[in-house]
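One structure is given below, encoded as structure tokens.
In the text below, chain A, chain B and the rest are named by the order of the sequence lines, each starting its count at 1.
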2 protein chains.
Amino acid sequence: MNKINIKYLAKELNLAISTVSRALRDSHEISPETKEKVFALAKRLNYQPNANASGLRAQETKMIAVVIPDMVNDFFSLVISGIEKVTQAQGYHILLYFTHGDHALEVSFINTLVNGRVDGVLLSITDESNDNEHLAQLNDKGIPLVLFDRVSERMDNVKVTSDNYESAITATKHLIDTGCKKIAYLKVDKSIPVGNIRKNGYLQALKKYSKQKTPLVVECPNNNDEAFAAIHNMLLAEKPDGIFASVEKLAVICYRVCEQANVKIPEDIKVISFSNLQTAALLNPSLTTITQPAFEIGETAARELLRIIRKKGSAKGDVVLQSRLIERKSTFRG
Amino acid sequence: MNKINIKYLAKELNLAISTVSRALRDSHEISPETKEKVFALAKRLNYQPNANASGLRAQETKMIAVVIPDMVNDFFSLVISGIEKVTQAQGYHILLYFTHGDHALEVSFINTLVNGRVDGVLLSITDESNDNEHLAQLNDKGIPLVLFDRVSERMDNVKVTSDNYESAITATKHLIDTGCKKIAYLKVDKSIPVGNIRKNGYLQALKKYSKQKTPLVVECPNNNDEAFAAIHNMLLAEKPDGIFASVEKLAVICYRVCEQANVKIPEDIKVISFSNLQTAALLNPSLTTITQPAFEIGETAARELLRIIRKKGSAKGDVVLQSRLIERKSTFRG
DNA sequence: CTGTTAGCGCTTTCAA
DNA sequence: TTGAAAGCGCTAACAG
């Protein structure tokens, strides 16, 4: 249980500490034979440099923080996977923080990060309406920050998002184009900001491409039974011929509602849904989905962050990634 | 963009570096007035101790590594949430690593962790049949390790698991008790070890509680269409009256298969499924699920790890958490 | 109660 | 080509 550090290697080999250090970094001013010896011993003892010491010395940690609302969510799971792919390839480590939608927690996390714990921060902000002094702190301290998905217009950092507004238009228009005259929008719980953005796309599409006068927005709470009831009531009262679900779970509930009400998909009613994991799509061969490029958002955000860390230049600019509409004529040979 | 460190605070206040350090740690040997001054300035400048320096000095990092196969998976998402709850409450940070089922990656991650990057490791091992020299390394270096979910019998670390075998028996017995005479088991892709454990529970329950002579094990590949076909073929050929799905996704596919084949759930066939996020349960009021305590596994594993880190005593012992069977007589007033 | 100093493990001048 | 030594920021032993 001896500590395997440079000092120990040096003593074992009768070399100076600095020589060993240089050898390990493959410096050109060390003779091949010495390098050989050092490498051999280091390997044999599985020498690993002490991260704290290197970090302290070099003022960099090879770690980035990822701060997200939470994890029980297909979208963020996929984003993290994308981030991980990039950071892993470039030798960076991920520190993970959940804000649970609590702005105060976000502030406290960011505060602990301003003094050299990480080389950069990837953040999906908790409360877009709130102040962002804490983020300004990061900029002050020269710690690169890239925002993704939930961004703040008031920050001029690099932002990576997807086209929620435009793709909601696309989705709605798709229903219109396939003949729907009365389209309802299933809006996810108000705690999820994207529900509003997508609603705006829905409204815009109705105005622009449809004769439908009154929008049909169903507020669906997080509670499944309440959401079921809300959709069920709307279905019976309004008899729409098209439904646009803002998130995958609502499409699943909607599917069940239709079954209950003896409404056939897609004969009586067409359904389109945002979807990340495509579980809903397993249900019905005719369910068309619109998929956010979650994994790519993660990859892109991470790539941007590492780029900025490297250049030490806090570049600006936004990246907007496109969602994809997936039409299923027949899955599982229906 | 001045560096806010103890030295800087000391200079500003005309105090010695050590005095400031002690004041910040609220040492009893510092006068209240001095403390006051130090606290005030530290707060005003948002002083945050340099994690590398503290870590180097104290030989501890307040970070733990979480190493899992991947993240696009309800189970591990929930586990991480549980881990996060505990670590966050106790001031620890999470370093996240994905092995993607690659044993070599796992080895390489663990190797980078042996030299003081983290205070402890939470691991769900990638390949249970493989060697675990790398884990022995951790023990050698005195870095606490807690295994969860996918554990190795050959290691004598603390292990936190759930009762996959027993709960598979419970699930199968539940079908038998409700009158099923011919029960099929939908086995998840062979890359998922738990598919086999649960199969053994299924077999055991048949032997012990049922007259059913031949088990019906359907091998379901990861590919949805192939899984659909496998289940569909079995359904037509064997006409079982009960189905036990080893994972939630297979229950969803099975649901669709039944619909295709015009087989009614639960009138013609009873279905029970392992399920973490209960998406499948939204589908059918009569779907009974068996739920792993994923969140609790995370909490427990983290709690055990932090306990060991604190005591510096590598305690042993296993924790097995119980799955819960959830019977739904009627959801969504069917 | 406060200051001086050594040292955690590493990298990097500066010297030899 | 190698060695000696300083210093990254922090804490704690020792001294006053």
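Nucleic acid contact class of B:S21 (heavy atoms, under 4.0 Å, all strands): base.
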Identify each donor-acceptor pair in which a side-chain atom of residues 14-25 of chain A lies under 3.5 Å from a protein atom, sequence neighbours left out, and give them as a table.
{"unit_1": "A:S18", "atom_1": "OG", "unit_2": "A:R22", "atom_2": "NH2", "d": "3.2"}

N/O donor to acceptor pairs below 3.5 angstrom from side-chain atoms of residues 295-304 of chain B, sequence neighbours left out:
{"unit_1": "B:E299", "atom_1": "OE2", "unit_2": "B:K85", "atom_2": "NZ", "d": "2.9"}
{"unit_1": "B:T300", "atom_1": "OG1", "unit_2": "B:E296", "atom_2": "O", "d": "2.6"}
{"unit_1": "B:E304", "atom_1": "OE1", "unit_2": "B:R307", "atom_2": "NH2", "d": "2.7"}

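Straight-line distance from the CD1 atom of B:I6 to the C1' atom of C:dG3: 14 Å, rounded to whole Å. Between the CZ atom of A:R25 and the P atom of C:dG9 there is a distance of 18 Å, rounded to whole Å. Nucleotide D:dG9 holds its C1' atom 16 Å from the CG atom of B:L45, rounded to whole Å. Atom CD of B:Q48 and atom P of D:dG9 are 15 Å apart (whole Å). Following rounding to the nearest Å, B:I4 (CD1) and D:dG9 (C1') show an atom-to-atom distance of 14 Å. Separating the CG atom of B:L13 from the P atom of C:dT2 is a distance of 12 Å, rounded to the nearest angstrom.
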Can you build the contact string for nucleotides 1-8 of chain D? Use B for base contact, S for sugar-phosphate-only contact, and - for no protein heavy atom under 4.0 Å. BBBBB-BB
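For B:Y47 and D:dC10, the shortest distance from a side-chain N or O to OP1 or OP2 is below 4.0 Å.
Closest heavy-atom contact between A:I68 and A:M71: CD1-SD, 4.3 Å.
Atom CD of A:Q90 has more than 12 heavy atoms from other residues, nucleotides or ligands within 6.0 Å.
Ring geometry, A:Y97 versus A:F109: the interplanar angle falls from 30° to 60°, so the pair is classed tilted.
Side chain of A:N164 to backbone of A:V194: no donor-acceptor contact under 3.5 angstrom is found.
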